[in-house]
Amino acid sequence: MNQAKRILYIIAGSFFLGLGAIGIFVPLLPTTPFWLLTCWFYIRSFEKLYNRVMANRYFGSYMKSYLEDKAIPLRAKVLSLSIMWTSILCSILFLVEVIWVKILLLFICIGVSWHILSFPTRKPSGNE
């Protein structure tokens, strides 16, 4: 891989890592797809960055579980659904005034919940 392409991949991976981090706090902004893109760009450009993402103490085990087992830990499911439903319901009740936007937000929340719950729940290992 030439140096310019490698640098572009590192920049793109870092961009998606940042978007994924923002997605933790912003409802409807996905986290996992952005972090998967981060892994894709990093593994193709600079394996050391990929290894750092996978070794991260906050989301490294989550990414490993998702990539290797296609499963989501129970704690991650509960946390993501709780945060999403709380923020969406607060938005519907206090921020959004247009009824069709409220309905749209509710359907999106139901769809994302369905998607999260469709993944198997990863069994905890001995060190968790």
Side-chain angles (χ1 to χ4, degrees):
M1 171 180 294
N2 67 34
Q3 192 65 19
K5 188 174 183 181
R6 173 180 240 152
I7 291 170
L8 285 175
Y9 275 28
I10 290 170
I11 291 169
S14 299
F15 174 74
F16 287 119
L17 179 66
L19 280 180
I22 293 168
I24 294 171
F25 305 102
V26 177
L28 303 180
L29 185 64
T31 299
T32 303
F34 289 135
W35 284 348
L36 290 173
L37 281 169
T38 296
C39 291
W40 189 89
F41 281 111
Y42 281 176
I43 196 72
R44 284 162 178 74
S45 62
F46 193 47
E47 194 169 339
K48 191 173 184 177
L49 286 173
Y50 172 80
N51 291 335
R52 286 184 69 187
V53 167
M54 298 307 273
N56 182 281
R57 72 181 212 178
Y58 297 109
F59 55 85
S61 64
Y62 172 75
M63 291 306 298
K64 282 182 195 173
S65 174
Y66 188 87
L67 290 170
E68 295 171 3
D69 305 330
K70 301 291 187 239
I72 301 173
L74 179 60
R75 183 173 187 266
K77 282 185 176 184
V78 170
L79 190 61
S80 61
L81 290 172
S82 299
I83 291 170
M84 180 180 62
W85 275 99
T86 300
S87 58
I88 292 296
L89 289 176
C90 286
S91 296
I92 288 172
L93 295 173
F94 304 115
L95 299 175
V96 178
E97 295 180 9
V98 181
I99 189 71
W100 70 267
V101 175
K102 291 181 179 193
I103 294 169
L104 178 64
L105 287 173
L106 187 61
F107 276 114
I108 290 171
C109 197
I110 291 168
V112 172
S113 297
W114 183 287
H115 177 71
I116 290 170
L117 293 172
S118 71
F119 283 91
T121 301
R122 186 187 73 173
K123 306 291 186 265
S125 63
N127 60 358
E128 290 182 44

Open item on the list: Show, in sequence, the C-alpha distance, side-chain angles and deciding distance for Phe16 and Phe41, and conclude whether the side chain to side chain contact (heavy atoms under 4.5 Å, CB included) test is met.
Closed with: CA-CA 9 Å; Phe16 287 119; Phe41 281 111; 3.5 Å; yes
Task: Full working for side chain to side chain contact (heavy atoms under 4.5 Å, CB included) between Leu81 and Leu117 - done: CA-CA 9 Å; Leu81 290 172; Leu117 293 172; 3.7 Å; yes
What distance do [X] atom [atom1] and [Y] atom [atom2] have between them, rounded to the nearest 0.5 Å?
X: Ile72; Y: Leu79; atom1: CD1; atom2: CG; result: 12.0 Å
X: Leu89; Y: Cys109; atom1: CG; atom2: SG; result: 6.5 Å
X: Leu105; Y: Ile110; atom1: CG; atom2: CD1; result: 11.0 Å
X: Ile92; Y: Glu97; atom1: CD1; atom2: CD; result: 14.0 Å
X: Phe34; Y: Leu19; atom1: CZ; atom2: CG; result: 4.5 Å

Side-chain contact test, heavy atoms from C-beta onward, threshold under 4.5 Å: evaluate it for [X] versus [Y] and give yes or no.
X: Cys39; Y: Met54; answer: yes
X: Arg6; Y: Ile10; answer: yes
X: Thr121; Y: Pro73; answer: no
X: Leu37; Y: Leu17; answer: no
X: Asn56; Y: Met63; answer: no

Are [X] and [Y] linked, directly or through other ILVMFWY residues, by side chains that come within less than 4.5 angstrom of each other?
X: Ile99; Y: Phe107; result: yes
X: Ile83; Y: Leu74; result: no
X: Leu106; Y: Val98; result: yes
X: Leu104; Y: Ile88; result: yes

- [ ] Please determine, by modelled atom types, if Tyr42 and Ser14 share a side-chain donor-acceptor pair under 3.5 angstrom.
- [x]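 Ser14 and Tyr42 do have a side-chain donor-acceptor pair below 3.5 Å.
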- [ ] Taking all non-hydrogen atoms of both residues into account, name the closest pair between Val112 and Met84 and its distance.
- [x]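 Scanning both residues completely, I find the closest heavy atoms to be CG1-SD, 3.4 Å.
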Open item on the list: Treating Lys77 as the side-chain partner and Phe119 as the backbone partner, does any N or O pair qualify as donor plus acceptor under 3.5 Å?
Closed with: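 The answer is yes, because a donor-acceptor pair under 3.5 Å joins these two groups.
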Task: Side-chain donor/acceptor of Thr38 to backbone N/O of Gly13, under 3.5 Å - done: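 Checking the backbone N and O of Gly13 against the side chain of Thr38, a donor-acceptor pair under 3.5 Å is found.
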Open item on the list: Using ring centroids (six-membered ring only for Trp), state whether Trp40 and Tyr9 fall under 6.0 Å.
Closed with: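 Between Trp40 and Tyr9, which both carry aromatic rings, the centre distance is below 6.0 Å.
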Task: CA sep, side-chain torsions, deciding dist, call: Ile116, Ser80, side chain to side chain contact (heavy atoms under 4.5 Å, CB included) - done: CA-CA 9 Å; Ile116 290 170; Ser80 61; 3.8 Å; yes
